Asker: 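The following block contains the structure, expressed as structure tokens.
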Amino acid sequence: MNEDTPNVFLAPYSPQSTENRIYDLWEKSGFFNPDTCIEKKVTKKSAPHFSVVLPPPNVTGTLHIGHAFEDTIQDIVIRYKRMQGIRTLWVPGTDHAAIATQSKVEKLIQKEEGKNRHDLGREEFLKRVEKFAQESHDTIVNQIKKMGASLDWSREAFTLDKKRNLGVRTAFKKMYDEGIIYRGFRIVNWDPKGQTTISDDEIIYVERKSILYTFKYSPDFPIAISTTRPETKVGDSAVAVHPDDPRYTQFIGKIFNVSDFAGEKLSIKIIADTEVDPEFGTGALGVTPAHSMIDWRIGERHSLPKIQVINEFAKMSVQSPLLADKKTIEAREIVATWLREKGLMIEEKEIEQNIATAERTGGIIEPLPKLQWFVDVNKEFTYQHEKLGPIKKGEIVTLKKLMLSVIEGKSEGKNYDKSITILPDQFEKIAKHWIENLRDWCISRQLWYGHQIPVWYGPKKQIYCGITPPTEEGWTQDPDVLDTWFSSSLWTFSTLGWPENTDDLKTYHPTTFLSPGYEILPLWVTRMIMMSTYLLGQIPFKTVYIHGMVRDKSGKKFSKSLNNGIDPIDMIDQFGADALRMALIVGVGPGADSKFDTAKVKAYKNFANKIWNISRFVLTNTNNWDGIKPSTITEEDQKYIDECALLVTDITTDMENYRFYLAAEKIYHYVWHTYADKILEEAKGKIASESAEIKISAQYTLFHILETSLRLLHPFMPFITEEIWIYLPHIPDKQLLMVSTWPHKT
RNA sequence: GCGCGAUUAGCUCAGUUGGUAGAGCACUUGAUUUACACUCAUGGGGUCGCAGGUUCGAGCCCUGCAUCGCGCACCA
């Protein structure tokens with residue numbers, strides 16, 4: 001401690017007056033950037049790399065406590081690896097989150113100005129969204145910094161910036177040219193509220209009671225059918241029965257004309273299809289190809305007409321004066337009433353049903369046939385890269401096959417060197433199961449905010465797909481944008497400069513570690529595997545550390561409607577980022593949900609103060625020691641030093657195996673209950689001893705364990721350890737603690 | 001319907017390869033002008049969900065069951 005140092009070291013520890021200053025110190029040092037670490041010789045250029053991409057938070061507002069948890073896991077592993085002299089890169093970035101951001105801004109404008117996006121026009125609306133996104137971005141970056149995250153901000157990326165747009169177009173074009181991306185007229189999930197298609201993975205099923213109606217189309221129709229959506233039945237073109245169902249075989253192949261069904265004319269063919277469950281309802285299924293996924297498939301198999309009776313606004317698009325332009329829910333009741341009046345209704349039974357709703361808008365999904373863009377996961381193509389697991393160059397593969405080839409590892413006993421390790425390993429099965437059941441991915445969205453599809457339509461209806469627009473006049477670009485997950489699926493390599501073959505890409509890809517929550521395993525993780533194996537012939541990451549969800553004290557999800565949200569910044573202001581990090585990480589293993597309790601944060605704030613006071617005691621009681629290791633160390637002190645070395649080995653093993661939750665608890669317990677309560681208490685007497693030998697031995701031991709503890713604690717509690725490190729004398733070639741060496745295993 | 005996970009002290013959870021049941025919080029009793037009250041010491045508290053099996057030995061491995069939670073599918 002020199003004369004100019006303020007006397008803060010004598011007061012209780014104050015995270016508020018420390019953390020921002022320390023973060024500035026780190027940022028100014030440049031050590032978040034591995035290039036600077038090499039330049040300043042804290043990392044060897046030849047050192048192995050350890051790279052992580054931050055799962056980019058959506059620019060829809062602010063971060064929640066779950067992000068704080070995710071950031072903590074990554075920062076712990078990054079700081080640990082950096083201290084080991086490994087070439088460590090952690091790339092920050094944010095996600096434009098097309099539908100989420102657009103619908104948020106639309107709501108805001110509606111509320112404040114009473115206008116919708118069409119009132120503003122595409123250009124003006126996009127300006128507003130971009131402004132909102134920028135503000136969210138700034139808030140988010142500030143929050144991440146407050147957590148102490150040692151991200152290389154010089155490499156920050158955005159899923160919708162120019163470089164990432166080039167990546168998206170390049171990927172799209174390659175997939176289009178190989179026929180993996182196609183445009184098709186198919187039944188899709190339409191969100192009438194958001195006025196866009198969404199993918200299967202953006203659907204949330206909500207359990208609801210609804211009524212199963214059983215009826216006949218007309219008095220002389222021979223078969224009764226059951227449905228929960230009678231209003232769609234004006235679009236029926238067949239009744240399907242199971243081929244082995246003896247009740248109906250006599251009718252198969254016959255066509256019945258219904259002159260009046262709620263004001264519409266129907267022509268119903270009786271067909272046999274094995275997808276029909278003879279046990280359900282009457283065992284006969286009214287087929288509505290245009291408004292049901294399963295009926296669409298049946299319709300395809302039997303070449304049935306696909307009569308669309310519901311439009312994009314979830315209103316009836318039929319001629320019948322009874323139903324025309326009515327909302328589906330109203331139409332349902334109208335048709336039911338009509339059936340009762342005509343004496344056609346046979347039964348009305350209340351049942352539990354899962355309703356498909358849109359994740360972002362809450363709108364009830366209406367299956368509609370539409371012309372959209374898809375990624376074909378079963379399209380066969382020739383694999384062009386070098387060997388990947390069991391897949392060889394020149395082999396005929398599909399995207400699905402590629403993905404499975406790098407997942408099928410441990411659980412199959414195969415363990416190729418290029419396979420991905422998923423922690424905890426039960427998620428490997430879940431990922432595999434999900435990939436096996438993958439269907440074509442609808443990637444076009446009827447939104448304005450996002451990557452516009454790089455396809456142009458010519459004056460003679462020609463189609464052109466390219467990275468740049470066609471040069472001739474008269475071409476218009478497809479107005480749709482891509483699913484936000486299309487750009488995020490390129491994230492591990494688009495952030496490193498792809499499609500350019502940059503040094504970063506060569507050095508840091510495949511990335512080493514990824515820490516997503518299990519809820520985005522299907523949406524994001526598997527799609528990154530898809531894109532990386534297809535476009536680069538590499539896995540995107542080696543180890544996936546799946547983390548659970550942070551819930552409130554009583555185990556409920558944090559949600560706006562419950563108003564139980566916790567702002568990480570509030571916690572940091574009250575207790576400090578170090579305390580918050582410890583509270584989030586200790587005792588929470590991979591994949592496990594945790595309950596967040598402020599009392600736990602407070603306990604680790606007390607721990608920070610404990611560390612502070614230990615350091616004060618040790619430094620003031622060793623200030624007359626010369627910093628040279630004494631030639632004689634007492635037997636007892638040597639025992640303490642050996643114990644400390646054992647702890648180093650133990651914690652290092654935990655860190656190597658990603659058991660941060662155990663490592664954190666062990667160092668906490670050691671520092672408080674062994675170091676402070678035993679070693680330090682006993683040292684009091686030794687320092688007062690007449691014997692210089694005993695005194696110096698104790699001073700050396702105290703100092704050595706303090707120094708080691710600070711190094712071990714740094715990944716978990718970076719601020720307070722860095723702050724104390726400033727005051728620590730006797731360290732040769734002293735650097736910031738963040739780039740000092742991790743204690744060696746003995 | 002198919003699959004996955006959880007069940008350990010009052011609460012929250014660890015328990016790594018099968019080898020004497022652990023931590024934090026809470027609670028008991030006490031200490032202290034102290035590096036630190038954001039402190040220390042001390043004590044109580046467990047049929048490891050239930051039943052069976054393997055084993056010299058099971059919280060851990062196997063089988064079945066119960067309860068809770070999750071994912072997928074179906075959802076006419």
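Throughout, a chain's letter reflects where its sequence line sits, starting with A, and its residues are numbered from 1. On a predicted model such as this, the values are computed, not experimentally measured, just so you know.
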Asker: Where the side chain of K595(A) is concerned, which of A23(B), U12(B), A35(B) is the nearest nucleotide?
Answerer: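 Looking only at side-chain atoms, K595(A) lies closest to U12(B).
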Asker: Taking the P atom of each, how far is U7(B) from C61(B), in whole Å?
Answerer: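 Per the computed distance, 11 Å lies between those P atoms.
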Asker: To the nearest Å, give me how far apart NE2 (H669(A)) and P (G15(B)) are.
Answerer: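 Between P of G15(B) and NE2 of H669(A): 16 Å.
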Asker: Applying salt bridge (charged side-chain N to carboxylate O under 4.0 Å, His left out) as the test, list every pair that has at least one member in residues 277-291 of chain A; sequence neighbours left out.
Answerer: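 Listed once each, the pairs would be none.
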Asker: Report the residues that fulfil side-chain contact (heavy atoms from CB on, under 4.5 Å) with P516(A), sequence neighbours left out, ordered by chain and then residue number.
Answerer: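 So P516(A) forms a side-chain contact (heavy atoms from CB on, under 4.5 Å) with L514(A), I520(A), W524(A), V525(A), V544(A), I546(A).
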Asker: For T708(A), what residues pass the side-chain hydrogen bond (donor to acceptor under 3.5 Å, both in side chains) criterion, not counting sequence neighbours?
Answerer: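 T708(A): no side-chain hydrogen bond (donor to acceptor under 3.5 Å, both in side chains) contacts found.
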Asker: Go through residues 578-590 of chain A and report each residue with a non-hydrogen atom lying under 4.0 Å from RNA chain B, sorted by number.
Answerer: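 Result for residues 578-590 of chain A: G587(A), sorted by number.
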Asker: Could you measure the distance from the CG atom of L266(A) to the CD1 atom of I307(A)? Nearest 0.5 Å is fine.
Answerer: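 Output value for this atom pair is 7.0 Å.
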Asker: For nucleotides 16-19 of chain B, tabulate all protein N/O to nucleotide N/O atom pairs closer than 3.5 Å, reporting atom names and distance.
Answerer:
unit_1	atom_1	unit_2	atom_2	d
U16(B)	O2	R659(A)	NE	3.2
U16(B)	O2	R659(A)	NH1	3.1
U16(B)	O2	R659(A)	NH2	2.7
U16(B)	O4	K666(A)	NZ	3.2

Asker: Quick one: which residue pairs count as a side chain to side chain donor-acceptor pair (under 3.5 Å) with a foot in residues 267-276 of chain A, not counting sequence neighbours?
Answerer: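 Residue pairs with at least one partner in residues 267-276 of chain A: N257(A)-S267(A), D273(A)-R301(A), D273(A)-H302(A), E275(A)-R297(A), E275(A)-R301(A).
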Asker: Under the 3.5 angstrom rule, does the side chain of T721(A) hit a backbone N or O of L713(A) as a donor-acceptor pair?
Answerer: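 Absent.
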Asker: Please state whether the phosphate of A35(B), meaning OP1 or OP2, lies under 4.0 angstrom from any side-chain nitrogen or oxygen of K684(A).
Answerer: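 It does, given that an N or O in the side chain of K684(A) lies less than 4.0 Å from OP1 or OP2 of A35(B).
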Asker: Sequence neighbours excluded, which residues qualify as side-chain contact (heavy atoms from CB on, under 4.5 Å) partners of I696(A)?
Answerer: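 Applying side-chain contact (heavy atoms from CB on, under 4.5 Å) to I696(A) gives W625(A), P630(A), Q699(A).
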Asker: Nearest to the side chain of Y661(A) - G24(B), A35(B), A14(B)?
Answerer: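 Closest nucleotide to the Y661(A) side chain: A14(B).
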Asker: Under 4.0 angstrom, heavy atoms only, what part of the nucleic acid is L680(A) near: base, sugar-phosphate, or nothing?
Answerer: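 The residue L680(A) makes base contact.
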Asker: Could you tell me the separation between the NZ atom of K432(A) and the P atom of C4(B), rounded to a whole number of Å?
Answerer: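 It works out to 13 Å between those atoms.
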Asker: Quick one: does E19(A)'s side chain have a donor or acceptor within less than 3.5 Å of a partner on A577(A)'s backbone?
Answerer: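 Checked: pair present.
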Asker: Only pairs at least two apart or in different chains count here, so list each salt bridge (charged side-chain N to carboxylate O under 4.0 Å, His left out) that has a residue in residues 583-599 of chain A.
Answerer: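 Sorted result for residues 583-599 of chain A: R551(A)-D593(A).
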Asker: Describe the nucleic acid contact of K602(A) in one word from base, sugar-phosphate, nothing, applying a heavy-atom distance below 4.0 Å.
Answerer: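 Contact class for K602(A): none.
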Asker: Send over the distance from D597(A) CG to C11(B) C1', rounded to a whole Å.
Answerer: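 Distance, rounded to whole Å: 9 Å.
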Asker: So does K605(A) get a side-chain nitrogen or oxygen closer than 4.0 Å to the phosphate oxygens (OP1/OP2) of C38(B)?
Answerer: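 K605(A) to C38(B) OP1/OP2: no side-chain N or O under 4.0 Å.
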Asker: Rounded off to whole Å, could you give me the CD-to-C1' distance for the E665(A) and G15(B) pair?
Answerer: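 That distance rounds to 10 Å.
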Asker: Students often get this wrong, so: under 4.0 angstrom with heavy atoms, is I225(A) touching a base, only sugar-phosphate, or nothing?
Answerer: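 The residue I225(A) makes no contact with any strand.
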Asker: By side-chain hydrogen bond (donor to acceptor under 3.5 Å, both in side chains), which residues pair with E264(A), not counting sequence neighbours?
Answerer: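 With neighbours one apart ignored, the set is empty.
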Asker: Measure the CD1-OH distance between I76(A) and Y661(A) for me, rounded to the nearest 0.5 Å.
Answerer: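 Answer for the CD1-OH pair, I76(A) versus Y661(A), is 13.0 Å.
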Asker: Give me the distance, rounded to whole Å, that separates C25(B) from G45(B) when you measure between the C1' atoms they each carry.
Answerer: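 That atom pair is separated by 14 Å.
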Asker: Dot-bracket for RNA chain B, 5' to 3', with Watson-Crick and G-U pairs under 3.5 Å, [ ] for crossing pairs and | for other-strand pairs: what is it?
Answerer: (((((((..((((.....[..)))).(.(((.......))).).....(((((..]....))))))))))))....
Asker: Report, one pair per line, the protein and nucleotides 69-74 of chain B atoms (nitrogen or oxygen only) whose separation is under 3.5 Å.
Answerer:
unit_1	atom_1	unit_2	atom_2	d
C74(B)	N4	N354(A)	ND2	2.8

Asker: Enumerate the protein-to-nucleotides 40-46 of chain B contacts in which both atoms are nitrogen or oxygen and the separation is below 3.5 Å.
Answerer:
unit_1	atom_1	unit_2	atom_2	d
C40(B)	OP1	K610(A)	NZ	3.2
C40(B)	OP1	W672(A)	NE1	2.0
A41(B)	OP1	D677(A)	OD2	3.3

Asker: Between C40(B) and A6(B), how many Å separate the two C1' atoms, rounded to a whole number?
Answerer: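 Rounded to whole Å, the distance is 38 Å.
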Asker: For T288(A), which contact category applies under a 4.0 Å heavy-atom criterion: base, sugar-phosphate, or nothing?
Answerer: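 The residue T288(A) makes no contact with any strand.
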